[in-house]
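Below you'll find the structure, written out as structure tokens, and then a few comments.
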Protein chains: 2
Amino acid sequence: MISQVSQLHAEICRTLGSAARIEILKALSDGEKTVNELSKTLGLKQANVSQHLSILRQRRVVATRKEGTNIYYKVANPKIIQACELMRQVLIEQLQETEQLTKTVGA
Amino acid sequence: MISQVSQLHAEICRTLGSAARIEILKALSDGEKTVNELSKTLGLKQANVSQHLSILRQRRVVATRKEGTNIYYKVANPKIIQACELMRQVLIEQLQETEQLTKTVGA
DNA sequence: ATCATATATTCGCATATATGAATTGATATA
DNA sequence: TATATCAATTCATATATGCGAATATATGAT
């Protein structure tokens, strides 16, 4: 009863369901970076970043470009960044609502 | 090193990381529905739908309205629907790329 | 060939998640 | 009161996921 497309859709969402991977995407949203750069920027171990990138690559959320020893990663489709941005706005609105609420209760 | 916001962002994504919940959101995107309606429409057990709705409610992805015995669910923020729509487009583009690829290989 | 650097993979463990079954609670109605 | 309906919760179990540590692979330089 559950469509194949929804199955794939859920898989992409699960792929984004890790704070580390969200940070990686955010870091990549302003241009491509190597594994090492990401590792240093985010303060995560290289192996760990590589694992997350592997998962993101499998689902084609990121794409790669090889240059010598380095592998440059970028977000595969700008719409993914747009979707993330929308979700972040939802989050912000949620937080604002909560603030509103605590203020009202406090008054 | 990983921001609180990214943590929350990932939580929302994980919340959407279930095909059943994606279907529920799709079903709710054209207006509010009760648990029973969803259960029948999606062909899932009531208890199961209720569980999923409970998860969606916790993360405030859906909102409820009570009317007599019934509880009507709706998507809490239209931006969530927009984000889902974007991700679905990404999916479609991915599938098209794959088709393109298989055609090329086949030729 | 050796070494250094960049990236990927594997393993083991702890934790998280999904699901079905059974139960409970609340409301309506005969 | 008895019963049917709708929804939520609890529990047990199977499965998936995240992460660190160690190891492997690949490329480039000496």
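Being a predicted model, the structure only gives us computed values, none of them experimental.
Put simply, the side chain of Leu16(A) reaches to within 4.5 Å of the side chain of Met87(B), judged on heavy atoms. In this structure, the side chains of Arg88(B) and Ile22(B) come closer than 4.5 Å at one or more pairs of heavy atoms. Residues Leu53(B) and Leu38(B) meet the side-chain proximity criterion, which asks for heavy atoms closer than 4.5 Å. Residues Gln96(B) and Ile92(B) meet the side-chain proximity criterion, which asks for heavy atoms closer than 4.5 Å.
Following rounding to the nearest Å, Tyr72(A) (OH) and dT27(D) (P) show an atom-to-atom distance of 16 Å. dT17(C) atom P lies 14 Å from atom CD1 of Ile12(B), rounded to whole Å. At whole-Å resolution of the value, CD1 in Ile71(A) and P in dT9(C) are 9 Å apart. dT9(D) atom C1' lies 14 Å from atom CG of Leu53(B), rounded to whole Å. Taking atom CD of Glu11(B) as the reference point, atom P of dG18(D) lies 14 Å away to the nearest angstrom. Gln58(A) has its CD atom 14 Å from the P atom of dA16(D), to the nearest Å. Per the geometry, CD1 belonging to Ile2(A) stands 12 Å off P belonging to dA18(C), to the nearest Å. Rounded to an integer number of Å, the gap from Arg14(B) CZ to dT15(C) P is 15 Å.
Residues in residues 69-86 of chain B take part in these salt bridge (charged side-chain N to carboxylate O under 4.0 Å, His left out) pairs, two or more places apart or across chains: Glu93(A)-Lys79(B).
DNA chain C is contacted by both Ser54(A) and Asn70(A); Asn70(A) maps to the nucleotide lying nearer its 5′ end (nearest heavy atom per residue).
Take Ser39(B) and apply the side-chain hydrogen bond (donor to acceptor under 3.5 Å, both in side chains) test, not counting sequence neighbours, and it matches no residue. For Gln100(A), there are no side chain to side chain contact (heavy atoms under 4.5 Å, CB included) partners two or more places apart in sequence or in a different chain. The side-chain hydrogen bond (donor to acceptor under 3.5 Å, both in side chains) search around Thr69(A) returns none, not counting sequence neighbours.
Of the residues in residues 33-42 of chain B, Thr34(B), Val35(B), Asn36(B) come within less than 4.0 Å of DNA chain D through at least one heavy atom, sorted by number.
Of the candidates Arg59(B), His52(B), Arg60(B), Arg59(B) is the only one forming a side chain to side chain donor-acceptor pair (under 3.5 Å) with Thr15(B).
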If a protein heavy atom is under 4.0 Å from the base, mark B; if only from the sugar-phosphate, S; if neither, -; do that for nucleotides 19-30 of chain C going 5' to 3'. BBBB-----S--
